[in-house]
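Data block below; observations after.
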Amino acid sequence: MTPTSESRRPPRALSPLTQRILAVNLIAPIMLLAGLLYLDQYEDALVEADLTSLRVQADVIAAAVAESAVSAETATIENLRLPVTSHRLVVDQTRAIVRRLAELGSVRARVFDPNGLLVADSRQLIGPGGAIQVFDLPAAEPATLENGLKDLFSVTGRLFSWDAPLPRYSERREQTAADYDEVVQALEDGMSARAVRRLNGDDRMLSVAVPVQYYKHVVGAVLVTRPDTNIKQSLFEVRLAIGKLFLGTLLITVLLSFYLAQAIATPVRRLAAAAEAVRRGGSKGRSVVLPDLSHRQDEIGDLSVSQRAMTTALWERMDAIERFAADVAHEIKNPLTSMRSAVETVVRTSNPEHQRKLLAILQDDVARLDRLITDISDASRLDAELSRADSEKVALAPMLSTLAEVYGPVAEQQQVQLRLDLPANDCLEVNGLEDRLVQVVRNLIGNALSFSPQDGELALEARRTAGFIELAVIDDGPGLPPGKELAIFERFYSERPRGEKFGTHSGLGLSISKQIVEAHRGTIVASNRVAPDGSVLGACFTVRLPEAAAAGKPGKLAAPGKLAAKVAARNKS
């Protein structure tokens, strides 16, 4: 089913073009927003930096403990009677050092002895009443926009996270080194180790364990831990900055998209509405003024100019069709009226001589009507043929030579000398349709022969000048009526020589010739040849056609023999 204007979509508040522009332009801001969820490298870098900081603090605490809280004890083995020195941590001094240094570094520090027992914890205060566990309670978080955004980022981060789940961090009441793999590694291998564990929600606990060495003897291990609060805050600040950038970019993108859509869709809708008004308005559509957007200097401006030119050409074509139809009706009506009068008269008369004359009139009118209909049909098909056909290179010199050979005998019968004047070694190539160019020259030659007097000359000349090929048909006839140089190219205009039988020509030959020449982007001009004393020597028809480009496609030229056969067949018909 072919869509028509009646099936057009109704106007929408947000046109499909606007939707497409928005969809395309929002891709970049959406990708920027997606960056909020993928900050893995930045987050890993922050974790790495925090673990490195913890390692430095753990080393400081381990060094302080090794220097100030390690005691040496010497024992004698009875069988061998050899003194053996052993080292152990001094609990009170270890606790004081750990408590003081952990507070300065804002971390939690624990020290385990070689047997894995917890010796010191920075969160424990030892007093008269025993050990007291100390916790730094988090500050109360009010329901603010910032906290809400933190929760939103936390939820979306969990939804779009593909990292392996972390082990959960937990503390038993009686802690030992076996609860922490990194402490076990530090005690056994004498190497530092680290771990990342998950707390409640998205919080993580970072931990680093380093051995406490006294003269290369491992006398314990220091475990330093800290939650990733700073990392979360840094990630939130980055995400907040990206979010602000996204909102600003989104606002600008939407505004520019609407501006771009309006700059494109609005004039297109105006042009479409104007075209629809022209279509629906019929003859009143002429009063519809299409928008002139040529000032835009863009494709829509070009579309406006083309649409206005197309509409103007359409009205001109419609006017031409109407005039042509009226002219055809008028021209056909004349022979029909004559035929009707002859038929009515031939019925009433019984005189054989009158009947023969009336029948001869009927025969002439039928021939005239047949010729008129044939020429009208040819004229009506001409536009369609010229618009569909592909032009090719046509060599005018061989074509004119062949036509001179064909019309030579006809000129001799009328006692007219046919002269051909062509440049040597020049084919005079043009782009066009050979059959139609032959039709133009045939019309001009036939018209010149009909006006040429006996013992006159008909000249067929062609030459190259300033990028054009000029073809001239010159006769020695009476010339053109004064002031009729343009009128002779109008349809059904007929100015025939005296003594010629009425109705022999339809008056469309020169009009068709002009139409063909203009379709080839050329011109045809009629003028009189005037002597120095002002007398008319004859008529001259000049056709100017653009010469074929040197880089054009090779022409498919018809052979002269074939062309002569075509022309001879037309002459016989």
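Position 1 is the first residue of the sequence, and the numbers go up from there.
Remark: Glu547 does not engage Lys393 in a salt bridge, criterion side-chain N to carboxylate O under 4.0 Å. Between Arg463 and Glu470 there is a salt bridge, since a side-chain N of the basic residue sits under 4.0 Å from a carboxylate O of the acidic one. Arg226 has a carboxylate O that lies under 4.0 Å from a charged side-chain N of Asp50, or vice versa, which qualifies the two as a salt bridge. In summary, Arg55 and Glu48 do not engage in a salt bridge, as defined by a charged side-chain N under 4.0 Å from a carboxylate O. Salt bridge Arg110/Glu171: present, at least one basic N to carboxylate O contact under 4.0 Å.
The closest side-chain heavy-atom distance from Arg108 to Arg123 is below 4.5 Å. Arg464 is not listed as a side-chain neighbour of Pro423, based on a closest heavy-atom distance of 4.5 Å or more. Two residues are said to be in side-chain contact when any heavy atoms from C-beta on lie closer than 4.5 Å; Asn431 and Val394 fail this criterion. Put simply, the side chain of Arg544 does not reach to within 4.5 Å of the side chain of Ile469, judged on heavy atoms. Side-chain contact between Ile61 and Val98 is present, with at least one heavy-atom pair separated by less than 4.5 Å. Counting only heavy atoms from C-beta outward, the side chains of Leu437 and Val430 approach each other to under 4.5 Å. Looking only at side-chain heavy atoms (C-beta outward), Val543 and Thr523 stay at 4.5 Å or farther from each other. A heavy-atom distance below 4.5 Å is not found between the side chains of Ser207 and Leu54.
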_Worked verdict on Leu545 versus Val517 for side-chain contact (heavy atoms from CB on, under 4.5 Å)_ = CA-CA 8 Å; Leu545 296 171; Val517 171; 4.2 Å; yes

*Applying side-chain contact (heavy atoms from CB on, under 4.5 Å), run through Arg204 and Leu166 and close with a yes or a no.*
CA-CA 9 Å; Arg204 289 173 297 187; Leu166 297 174; 3.5 Å; yes

*side-chain contact (heavy atoms from CB on, under 4.5 Å) evaluation trace for Leu206 with Val47*: CA-CA 8 Å; Leu206 308 181; Val47 171; 4.2 Å; yes

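Here CZ of Phe112 is found 5.0 Å from CG of Leu118. Values are rounded to the nearest 0.5 Å. The CZ atom of Arg436 sits 9.5 Å away from the NE2 atom of His520 when rounded to the nearest 0.5 Å. The distance from the OG atom of Ser71 to the CZ atom of Arg88 is 4.0 Å, given to the nearest 0.5 Å. Interatomic distance, Leu223 CG to Ser122 OG, rounded to the nearest 0.5 Å: 10.0 Å. Here CD1 of Ile516 is found 9.5 Å from CD1 of Ile524. Values are rounded to the nearest 0.5 Å. Taking OG of Ser68 as the start and CG of Leu89 as the end, the distance is 12.0 Å to the nearest 0.5 Å.
Under the 3.5 Å distance criterion, the side-chain polar atoms of Asp113 are matched with a main-chain donor or acceptor of Asn115. Side chain of Asp189 to backbone of Ala186: no donor-acceptor contact under 3.5 angstrom is found. Between the side chain of Arg172 and the backbone N or O of Asp179 there is no donor-acceptor pair closer than 3.5 Å. Remark: side-chain polar atoms of Ser304 are paired, donor with acceptor, to backbone N or O of Leu293 under 3.5 angstrom. Distance alone, capped at 3.5 Å, is enough to place a donor-acceptor pair between the Thr94 side chain and the Val90 backbone.
Between Val183 and Ala177, the shortest heavy-atom distance links the atoms CG1-CB, 3.5 Å. Contact between Asp292 and Ser294 at its shortest, heavy atoms only, is OD1-OG, 2.9 Å. For the pair Leu428 and Ala462, the tightest heavy-atom approach, listed with the atom from each and the gap, is CD1-CB, 3.6 Å. When all heavy atoms are compared, the tightest approach of Leu187 to Gly220 is CD2-C, 3.5 Å. Between Ala209 and Glu182, the shortest heavy-atom distance links the atoms CB-O, 3.5 Å. A pairwise comparison of heavy atoms in Ser192 and Gln185 identifies O-NE2, 4.4 Å as the closest pair.
A donor and an acceptor atom, one from each side chain of Tyr180 and Gln175, are located under 3.5 Å apart.
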